[in-house]
Peer 1: 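The structure follows.
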Number of protein chains: 2
Amino acid sequence: MSETFENVSVIKKANVYFGGQVTSRTVQFADGSKKTLGFMQAGDYEFGTEAPEVMEMLGGAMDVKLAGSEEWNTYVEGQSFKVEGNSKFSLKVPAGGADYCCTYLS
Amino acid sequence: MSETFENVSVIKKANVYFGGQVTSRTVQFADGSKKTLGFMQAGDYEFGTEAPEVMEMLGGAMDVKLAGSEEWNTYVEGQSFKVEGNSKFSLKVPAGGADYCCTYLS
């Protein structure tokens, strides 16, 4: 897992969801792709996807239930999970929050 | 105020303070300088400085009291304030949080 993104652009203004409980920064790459680096406060959330996404855990933890499944799986730093496009996923974030990187697959 | 930082490096892992109530990402520039893009949840905080800093408001609001002053000033999006080096500043962040960019002056 690279520690730094090099030669990128960063949109200064945060993406803010759920009243600030979830915030992220958009990182744009030379090849036109983008990722977001985000932080989630403790809480329960549901997100929708358009493109498929890969969520990479940078810190903390989150429990994840993908659409169509009744199973909750816990992910911690260094682990990743994929979410299909045009889908949803539910999250439970414990105290201390969760630091993540979201990659949008074209 | 430029909307994007171009040709920069970003450290993936968040800087996390106050149990996640304040988080930021470090952005490194070609000239060796750095800034952080951060978000503060509602709350009261005190930060110390080493180098002087300029805090630029990207969203939300914060009330600020600089060391040695009894005066609280409110800053909102588009406004900035400077904090001397080797100093402290107190902050009160209202509901909805505060989105900021911190520049470290050498």
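Numbered from 1 within each chain, the chains take letters A, B, ... in sequence-line order.
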Peer 1: Have a look at A/K13 and tell me which of B/E56, B/E77, B/E3 forms a salt bridge (charged side-chain N to carboxylate O under 4.0 Å, His left out) with it.
Peer 2: B/E77
Peer 1: Below 4.5 Å from any heavy atom of chain A, which atoms of B/Q21 appear? Answer side chain, backbone, both or neither.
Peer 2: both
Peer 1: Are any side-chain N or O atoms of A/K12 and backbone N or O atoms of B/T4, one a donor and one an acceptor, separated by less than 3.5 Å?
Peer 2: no
Peer 1: Without swapping roles, check the side chain of B/R25 against the backbone of A/G38 for a donor-acceptor pair under 3.5 Å.
Peer 2: yes
Peer 1: Locate the shortest heavy-atom distance separating A/A14 from B/F39; write the atom from each residue and the value.
Peer 2: CB-CD1, 4.5 Å
Peer 1: Verify the cluster assignment for A/M55 and A/Y104: are they in a single hydrophobic cluster under the rule of side-chain heavy atoms below 4.5 Å apart?
Peer 2: no
Peer 1: Linking I/L/V/M/F/W/Y whenever any side-chain heavy atoms sit under 4.5 Å apart, do B/V16 and A/L58 land together?
Peer 2: no
Peer 1: With a cut-off of 3.5 Å and sequence neighbours excluded, list every side-chain donor-acceptor pair involving residues 84-97 of chain B.
Peer 2:
none

Peer 1: Would a single hydrophobic cluster contain both B/V27 and B/I11, if residues Ile, Leu, Val, Met, Phe, Trp and Tyr are joined by side-chain heavy-atom contacts under 4.5 Å?
Peer 2: no
Peer 1: Can you tell me if CD on A/E50 sees more than 12 non-hydrogen neighbours from other groups inside 6.0 Å?
Peer 2: no
Peer 1: I need the residue from B/Q41, B/M40, B/Q28 with the largest number of non-hydrogen atom pairs under 4.5 Å to chain A.
Peer 2: B/Q41
Peer 1: Is there a side-chain contact between B/T23 and A/D99 in this structure, where contact means two heavy atoms from C-beta onward sitting under 4.5 Å apart?
Peer 2: no
Peer 1: Which answer fits B/E6, side chain, backbone, both or neither, if we ask what part of it has an atom under 4.5 Å from a heavy atom of chain A?
Peer 2: both
Peer 1: Please list, chain by chain and in numerical order, all residues satisfying side-chain hydrogen bond (donor to acceptor under 3.5 Å, both in side chains) with B/S33, sequence neighbours excluded.
Peer 2: B/D31
